[in-house]
Trainee: 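One structure, pasted below without further comment.
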Amino acid sequence: MHVTVLGAGIIGVSTAWYLRAAGFEVTVVERRSEAALETTFANGGQLSTGHVEPWATPETLPQILEWRHHENSPLLFRLQADPHQWGWGLRFLRECRPQRSAHNFHQLLALGQYSRAAFHALRAQVDLAYEGLDRGILNLYDSPASLARGEKAAARVNDLGYERRPISMTDALALEPILAQALPHWHGATYTPGDSSGNAFLWTQGLARLCAARGVNFQYQTTVTGFETEARRIQGLWLQQGPTPHLQDVDAVVVALGSESVPLLRPLGLNLPIYPVKGYSITVPLCQPENSLQVSITDDAHKIVFTRLGNDLRVAGTAEFSGYDHSLNRTRLEALVQRARQLFPHLADYSQVTPWTGLRPSTPSNCPLIGPTRWENLFLNTGHGTLGWTLGAGSGKVLAELMQGHRPELEFDFTRPVW
């Protein structure tokens with residue numbers, strides 16, 4: 001069978017890799033000139049299996065109400081006259097129920113652990129340079145209340161078999177001496193030793209090159225504009241590389257287009273519960289890379305991550321619900337710069353900031369959509385939200401197993417022919 005994968009971000013390229021390894025002929029269609037130029041390009045860099053708690057929890061609702069009037073808040077809803085946004089919001093409220101939130105957390109942690117194992121096995125096989133650090137993730141808390149929430153989250157992760165533990169600030173300082181610059185800000189920490197960090201852009205581009213060397217055909221600067229269907233099958237894709245669209249026959253299709261999956265599939269009657277959530281990052285040159293961050297850090301109160309990527313500091317965070325708007329909000333970018341200056345004033349050269357924003361494809365539950373649809377030869381691998389880098393390898397591997405007709409060794413609510 002020949003499989004056409006739509007999208008060359010971390011999810012699409014991972015899918016292509018595992019499909020090719022399984023013996024499929026594979027073509028990847030991507031509207032940009034290279035792999036990983038959209039949501040994958042400048043994310044926070046964390047491979048965070050121990051930090052997959054869904055956004056939709058009973059504790060989240062009061063925080064959203066508190067943040068709604070602040071332009072620089074960690075999470076900002078911009079309500080629009082958009083039925084899809086309102087429908088997504090109502091689903092999100094349902095997922096905040098304790099039973100649903102616990103179920104979603106179990107799902108995400110199971111997929112996270114599966115993906116971590118797949119990533120480590122793949123990394124040993126391909127030996128790609130991606131500025132990776134295997135030194136864990138530190139979560140830092142700036143109040144007794146936030147520390148209590150963090151310790152509760154750590155206990156839930158531990159109970160499900162993945163190590164995340166509370167540590168003292170003395171122990172945190174021993175792990176990451178740079179924290180001495182900001183020690184008065186913190187009340188405590190949790191540490192997840194099995195988590196790691198790295199440059200998702202470098203990894204995805206390297207994996208795409210290896211895919212191409214193994215026979216995967218990449219069609220860059222090619223946009224999918226529609227489908228040709230017959231009965232319950234996709235017969236072809238309308239593709240546009242220049243002024244005139246052309247029809248390309250297909251055997252099977254995997255949609256890994258992130259937020260763009262929604263408008264593309266709507267004409268097929270598939271109304272995916274995915275909404276674009278704009279995230280921001282800045283990349284800043286480190287002053288002394290050799291004496292810099294050794295552990296990726298999450299500032300829990302501000303929902304901001306700090307990750308060393310080679311000679312640079314990546315600072316990423318915030319979530320803005322504003323539709324398919326790609327514009328850079330200077331207030332939200334400046335919030336990242338100010339927090340970095342406040343905590344680590346001597347760490348990086350903040351006069352040389354490279355800003356970025358990307359639309360993260362988020363479901364109300366935070367659980368991605370992986371598996372078949374009611375169209376016989378159309379499959380989904382999308383909706384990973386902020387966790388595409390963390391869940392990418394496992395999502396690609398497990399979809400390849402499903403498409404081979406195998407039963408994956410993963411307890412997860414795969415999509416069924418209802419979409």
Side-chain angles (χ1 to χ4, degrees), residues 7-18 34-55 108-109 111-123 126 128-137 139 162 192 194-208 256-259 276-281 283 295-298 303-310 312-319 356-363 366-368 370 381-399:
I10 180 62
I11 303 301
V13 172
S14 297
T15 303
W17 172 268
Y18 285 105
E34 301 176 56
L37 291 184
E38 298 209 13
T39 307
T40 302
F41 182 71
N43 67 14
Q46 290 187 339
L47 290 151
S48 52
T49 299
H51 302 79
V52 294
E53 298 94 337
W55 291 352
L108 287 165
L109 188 58
L111 180 56
Q113 290 177 284
Y114 179 89
S115 188
R116 180 180 181 274
F119 177 81
H120 280 259
L122 179 55
R123 184 178 65 176
V126 299
L128 289 175
Y130 68 105
E131 300 175 332
L133 291 174
D134 287 320
R135 293 170 180 165
I137 292 177
N139 273 50
Y162 192 75
T192 315
D195 284 357
S196 58
S197 61
N199 192 320
F201 168 74
L202 291 181
W203 172 270
T204 305
Q205 287 227 321
L207 193 62
L257 288 171
S259 300
V277 180
K278 189 190 297 187
Y280 293 85
S281 77
T283 305
V295 179
S296 185
I297 291 171
T298 298
K303 310 302 181 189
I304 296 174
V305 304
F306 301 84
T307 302
R308 175 188 172 183
L309 297 175
D312 293 321
L313 173 67
R314 175 70 49 78
V315 184
T318 82
W356 174 85
T357 187
L359 302 182
R360 300 173 295 196
S362 299
T363 66
N366 282 130
C367 295
I370 304 171
N381 200 356
T382 187
H384 294 74
T386 61
L387 297 171
W389 183 210
T390 298
L391 303 179
S395 298
K397 180 181 179 182
V398 78
L399 183 61

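What you see is a predicted model, and the numbers here were worked out from it, not measured in a lab. The first residue of the sequence shown is numbered 1, and numbering continues consecutively from there.
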Trainee: Say you draw a straight line from CD1 of Ile11 to OG1 of Thr382; how long is it, rounded to the nearest 0.5 Å?
Mentor: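 Reported value, rounded in 0.5 Å steps: 8.0 Å.
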Trainee: So which heavy atom on Gly50 is nearest to which on Thr192, and how close?
Mentor: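 Closest approach of Gly50 to Thr192: CA-CG2, 4.0 Å.
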Trainee: Quick check against the 3.5 Å criterion: does Thr39 have a side-chain atom that pairs as donor or acceptor with the backbone of Leu359?
Mentor: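 At least one qualifying donor-acceptor pair exists.
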Trainee: Once ring-ring contact (aromatic ring centres under 6.0 Å, His included) is applied, do any residues pair with Tyr130, and if so which ones, sequence neighbours excluded?
Mentor: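 By the ring-ring contact (aromatic ring centres under 6.0 Å, His included) rule, Tyr130 matches Phe119, Trp203.
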Trainee: If I compare all heavy atoms of Lys278 with all of Arg360, which pair ends up nearest, and what's the gap?
Mentor: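 So the two residues come closest at O-NH2, 3.8 Å.
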Trainee: For the residue pair Gly394 and Ser115, what are the closest heavy atoms and their distance?
Mentor: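 Shortest heavy-atom contact: N-OG, 2.8 Å.
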Trainee: Measuring from Arg123:CZ to Leu128:CG, what's the distance to the nearest 0.5 Å?
Mentor: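 That separation rounds to 11.0 Å.
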Trainee: With heavy-atom distances below 4.5 Å as the criterion, would you say the side chains of Val315 and Tyr280 are in contact?
Mentor: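 Contact flag for Val315/Tyr280 side chains = no.
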Trainee: So how far is it from Leu133 CG to Gln46 CD, rounded to the nearest 0.5 Å?
Mentor: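 Here the rounded value is 11.5 Å.
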Trainee: For Ser197 and Ile137: C-alpha separation, side-chain torsions, deciding distance, then whether side-chain contact (heavy atoms from CB on, under 4.5 Å) applies.
Mentor: CA-CA 8 Å; Ser197 61; Ile137 292 177; 6.0 Å; no
Trainee: Does Gln113 have any side chain to side chain contact (heavy atoms under 4.5 Å, CB included) partners at least two apart in sequence or in another chain, and if so, which?
Mentor: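 By the side chain to side chain contact (heavy atoms under 4.5 Å, CB included) rule, Gln113 matches Thr49, Leu109, Tyr162.
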Trainee: If you define the side chain from C-beta out and look only at heavy atoms, does anything of Leu202 sit under 4.5 Å from Leu309?
Mentor: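 No, too far: nothing below the 4.5 Å cut-off.
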Trainee: Which heavy atom in Gly44 sits nearest to a heavy atom in Ala316, and how many Å separate them?
Mentor: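 Heavy atoms of Gly44 and Ala316 come nearest at CA-CB, 3.6 Å.
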Trainee: With sequence neighbours left out, what residues match Glu53 under salt bridge (charged side-chain N to carboxylate O under 4.0 Å, His left out)?
Mentor: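 Only Arg164 meet the salt bridge (charged side-chain N to carboxylate O under 4.0 Å, His left out) criterion with Glu53.
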Trainee: Determine whether a donor-acceptor pair (N or O, by modelled atom type, separation under 3.5 Å) exists between the side chain of Ser196 and the backbone of Gly136.
Mentor: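 Flag not set: sc Ser196 to bb Gly136 has no pair under 3.5 Å.
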Trainee: List the residues meeting side chain to side chain contact (heavy atoms under 4.5 Å, CB included) with Ala42, not counting sequence neighbours, and say none if there are none.
Mentor: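 By the side chain to side chain contact (heavy atoms under 4.5 Å, CB included) rule, Ala42 matches Ser281, Arg314, Trp356.
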Trainee: Residues two or more places apart in sequence or in another chain: which of them pass salt bridge (charged side-chain N to carboxylate O under 4.0 Å, His left out) with Lys397?
Mentor: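 By the salt bridge (charged side-chain N to carboxylate O under 4.0 Å, His left out) rule, Lys397 matches no residue at all.
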Trainee: If you define the side chain from C-beta out and look only at heavy atoms, does anything of Cys367 sit under 4.5 Å from Leu108?
Mentor: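 Yes, at least one pair of side-chain atoms sits under 4.5 Å.
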Trainee: Going from NE2 on His384 to CG on Asn366, what distance comes out if it is rounded to the nearest 0.5 angstrom?
Mentor: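 It is 11.5 Å, given to the nearest 0.5 Å.
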Trainee: Test Thr386 against Val277 for side-chain contact (heavy atoms from CB on, under 4.5 Å), laying out the working first.
Mentor: CA-CA 9 Å; Thr386 61; Val277 180; over 6 Å; no
Trainee: Roughly how far apart are Ser296 OG and His51 NE2, rounded to 0.5 Å?
Mentor: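 That separation rounds to 9.0 Å.
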Trainee: Treating Arg308 as the side-chain partner and Gly310 as the backbone partner, does any N or O pair qualify as donor plus acceptor under 3.5 Å?
Mentor: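 Side chain of Arg308 to backbone of Gly310: a pair is present.
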Trainee: Run the side chain to side chain contact (heavy atoms under 4.5 Å, CB included) test against Thr40 and tell me which residues pass, sequence neighbours left out.
Mentor: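 Side chain to side chain contact (heavy atoms under 4.5 Å, CB included) check on Thr40 returns Ile10, Ala36, Ala200, Thr204.
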Trainee: With Ser48 as reference, evaluate Thr298, Asp195, Thr390 under the side chain to side chain donor-acceptor pair (under 3.5 Å) test and give the passing residue.
Mentor: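 So the option named by the test is Thr390.
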Trainee: Rounded at 0.5 Å granularity, tell me how far CG in Leu111 sits from CD1 in Ile370.
Mentor: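 With rounding to 0.5 Å, CG (Leu111) is 5.0 Å from CD1 (Ile370).
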